[in-house]
Protein chains: 2
Amino acid sequence: MNAIDDKSKAAAALGPRMDASAIQRLLVERICLLRYRPGDQLKEAELAREFGVSRTPVRDALNRISHLGMIESRNGVGTVVVRLSEEQIRHVYEMRLELACLIGKLSPVAPGPAHLAALQGLLQRARRLRDGFKADEYVLINHELHEVIASMIGNSSLRSMWLQTYVQAASTWYMVAQTREAEVTDALLEELTDLVNAVKHGDAEAVGFVQRIHIQYGFAKINAMLEEGGLDAD
Amino acid sequence: MNAIDDKSKAAAALGPRMDASAIQRLLVERICLLRYRPGDQLKEAELAREFGVSRTPVRDALNRISHLGMIESRNGVGTVVVRLSEEQIRHVYEMRLELACLIGKLSPVAPGPAHLAALQGLLQRARRLRDGFKADEYVLINHELHEVIASMIGNSSLRSMWLQTYVQAASTWYMVAQTREAEVTDALLEELTDLVNAVKHGDAEAVGFVQRIHIQYGFAKINAMLEEGGLDAD
DNA sequence: GACAGCTTAGGTGTATGCAGCTTAGCTTTT
DNA sequence: AAAAGCTAAGCTGCATACACCTAAGCTGTC
């Protein structure tokens with residue numbers, strides 16, 4: 001029901017002092033990383049207690065997030081994490097397929113040693129998933145991978161849209177992924193291997209194409225599940 | 001300095017009662033339509049007085065807008081309308097060039113009689129601009145044209161990005177346009193004529209390409225001004 | 001027993017006061 | 001006269017109390 005339980009009042013003491021921006025980042029991350037699932041209610045008062053602040057900064061954070069299409073507030077009812085319709089999911093994925101190709105086209109950032117190191121680190125971690133799958137770790141690797149990719153996008157507008165579509169699609173994908181652990185782990189390994197090769201050649205265009213290929217792969221998986229009977233695997 | 005002056009307290013009586021969403025729409029429109037110019041300060045207290053509400057709903061509206069990259073708040077200083085850097089302007093335009101081509105590609109909405117009628121109405125209004133240019137009317141025609149185009153975009157994600165890049169680029173373009181009245185009027189007439197033809201054939205793909213062509217035209221004009229010496233024509 | 005209406009609990013929306021941050025202008029010192 | 005520091009004004013950020021909206025459950029009636 002409510003995704004918060006383990007650290008109801010512990011968090012009040014762990015942060016220096018949460019302001020609206022920090023809360024915003026945290027909430028987005030929690031939604032992406034599936035700690036809050038589509039349909040979950042985010043109660044302002046509850047979050048305020050957790051962070052040790054008043055409702056005001058929480059409200060500010062929620063308001064800023066609302067334009068990303070991740071949450072929706074209705075007066076008298078509550079604020080819930082948006083559950084995208086099947087059509088919307090398709091739209092976001094179709095869009096990401098196109099955006100991926102633009103990564104190497106619109107003023108790309110030449111991938112350097114830092115990118116390579118980051119990817120190789122993620123590859124190491126992904127390999128360990130084969131001998132013991134951990135859903136949280138899989139999600140985290142994907143999340144950090146996404147940030148690495150974003151850092152290769154030189155066009156600020158494209159980068160913003162890449163981020164936006166990622167957060168919109170993330171929870172859907174991670175829900176699907178949790179039902180096919182072995183499959184998605186192998187796919188992630190392939191993706192990272194391909195990316196390492198692309199970055200070794202300093203080829204940002206190849207990075208974009210690799211992304212496109214694997215988005216296409218994920219899209220196909222999601223479509224298959226949608227046609228089977230939906231992904232309401234709460 | 002402050003863009004509000006003529007209706008400081010008049011508006012308090014003209015609306016039924018402004019809520020945060022209504023204020024949000026109004027502020028976005030005012031920024032697009034160049035009533036607030038880049039660099040202008042938007043004081044919460046002042047806006048609250050104008051709309052006859054407290055600072056809270058104004059704050060909520062500003063917070064929601066902030067994710068569009070149109071405004072920026074700094075504690076102790078104020079909230080200002082963002083002035084995009086030259087690089088950011090180029091990025092947005094490069095992005096719009098790509099998005100335009102996707103209009104006819106990603107689940108387009110077949111243009112119908114309603115679209116045609118709307119475009120022909122705009123064409124009529126645009127023709128009158130040749131015998132007496134009015135900056136406000138030029139901006140309004142462009143604004144409504146943009147909404148017509150958006151209604152032909154079936155992919156919700158693409159439509160959202162199309163809107164987002166429009167509001168980011170709008171004020172820049174309208175500032176440029178005001179220095180070359182005859183030129184941009186002719187270009188607008190051509191654009192509308194081309195669009196009418198495309199819509200007559202029910203060809204959404206052609207609509208996208210027409211958009212691309214004219215975005216390219218505007219981009220070239222802006223680039224020319226940037227190289228001449230900037231567009232700080234306050 | 002079923003349905004219409006009321007009542008109440010719980011959520012978001014708004015108003016208001018205060019705290020804290022910045023900056024501009026004045027004052028004071030060298 | 002110039003520069004450093006102080007001071008005050010004005011803005012946003014935050015806290016709190018209250019108003020309003022919604023839905024669910026109870027109650028009374030038919």
Side-chain angles (χ1 to χ4, degrees), chain A residues 1-5 8-9 11-13 15-27 31 36 38-83, chain B residues 1-5 8-9 11-13 15-27 31 36 39-82:
Chain A
M1 182 68 75
N2 297 326
I4 310 154
D5 31 47
S8 286
K9 53 210 69 160
R17 182 155 173 62
M18 287 274 182
D19 67 342
S21 305
I23 295 173
Q24 177 188 345
R25 275 192 297 274
L26 199 65
L27 291 180
I31 294 176
Y36 300 146
D40 277 357
Q41 237 188 68
L42 303 182
K43 299 172 199 169
E44 295 177 359
E46 197 169 331
L47 293 169
R49 271 202 313 277
E50 190 199 350
F51 300 137
V53 297
S54 81
R55 274 182 53 213
T56 309
V58 175
R59 264 187 78 74
D60 288 354
L62 291 172
N63 274 324
R64 298 214 270 252
I65 296 175
S66 69
H67 248 306
L68 292 175
M70 300 170 71
I71 62 171
E72 204 166 76
S73 295
R74 280 192 314 169
N75 189 0
V77 182
T79 303
V80 298
V81 179
V82 165
R83 184 191 304 277
Chain B
M1 183 70 71
N2 297 327
I4 311 155
D5 31 46
S8 286
K9 53 210 70 160
R17 181 153 173 59
M18 286 272 184
D19 66 344
S21 305
I23 294 173
Q24 176 188 346
R25 275 192 296 276
L26 199 65
L27 291 180
I31 295 176
Y36 300 144
D40 277 357
Q41 236 188 68
L42 303 182
K43 298 173 199 168
E44 296 178 358
E46 196 169 335
L47 293 168
R49 273 202 312 279
E50 190 198 350
F51 299 137
V53 296
S54 82
R55 273 182 54 212
T56 308
V58 174
R59 263 186 79 74
D60 288 354
L62 290 172
N63 273 324
R64 297 215 270 255
I65 297 176
S66 68
H67 247 310
L68 292 175
M70 298 170 73
I71 61 171
E72 205 167 77
S73 293
R74 281 192 314 169
N75 189 1
V77 181
T79 303
V80 298
V81 179
V82 165

From [atom1] of [X] over to [atom2] of [N], roughly how many Å is that when rounded to an integer?
X      : N       : atom1 : atom2 : answer
N75(A) : dT12(C) : CG    : C1'   : 5 Å
R49(A) : dT16(D) : CZ    : C1'   : 15 Å
N63(B) : dG13(C) : CG    : P     : 13 Å
E46(B) : dG10(D) : CD    : P     : 13 Å
Q24(B) : dG13(C) : CD    : P     : 12 Å
D19(A) : dT12(D) : CG    : C1'   : 13 Å
F51(B) : dT14(C) : CZ    : C1'   : 16 Å
E72(B) : dG13(D) : CD    : P     : 11 Å

> Which residue, V77(A) or T79(B), contacts DNA chain D at a nucleotide closer to its 5' end, judged by nearest heavy atom?
Replying inline: T79(B)
>> Judged by each residue's nearest nucleotide on DNA chain D, which is more toward the 5′ side, L62(B) or P57(A)?
In response: L62(B)
Listing, residues 67-78 of chain A side-chain donor-acceptor contacts under 3.5 Å, not counting sequence neighbours, or none:
residue	atom	partner	partner atom	Å
H67(A)	NE2	Q24(B)	NE2	2.9
S73(A)	OG	T79(A)	OG1	2.8

> Out of L62(A), V58(A), I65(A), which residue meets the side-chain contact (heavy atoms from CB on, under 4.5 Å) rule with I23(A)?
Replying inline: V58(A)
>> On a heavy-atom basis, which atom in P57(A) and which in A20(A) lie closest, and how many Å separate them?
In response: O-CB, 3.7 Å
>> Give me the atom names and distance for the closest heavy-atom approach of L27(A) to A61(A).
In response: CD1-CB, 4.4 Å
> Of the candidate nucleotides dT16(C), dT12(D), dC14(D), which contains the atom at the shortest distance from the side chain of T56(B)?
Replying inline: dT16(C)
> Which nucleotide in the list dT12(D), dC14(D), dT12(C) gets nearest to the side chain of R59(A)?
Replying inline: dT12(C)
> So does R55(B) reach the base of dG13(D) with its side chain, donor to acceptor, closer than 3.5 Å?
Replying inline: yes
> Would you say R55(B)'s side chain and E44(B)'s backbone share a donor-acceptor pair under 3.5 angstrom?
Replying inline: no
>> Base, sugar-phosphate or nothing for L42(A)? Non-hydrogen atoms, less than 4.0 Å.
In response: sugar-phosphate
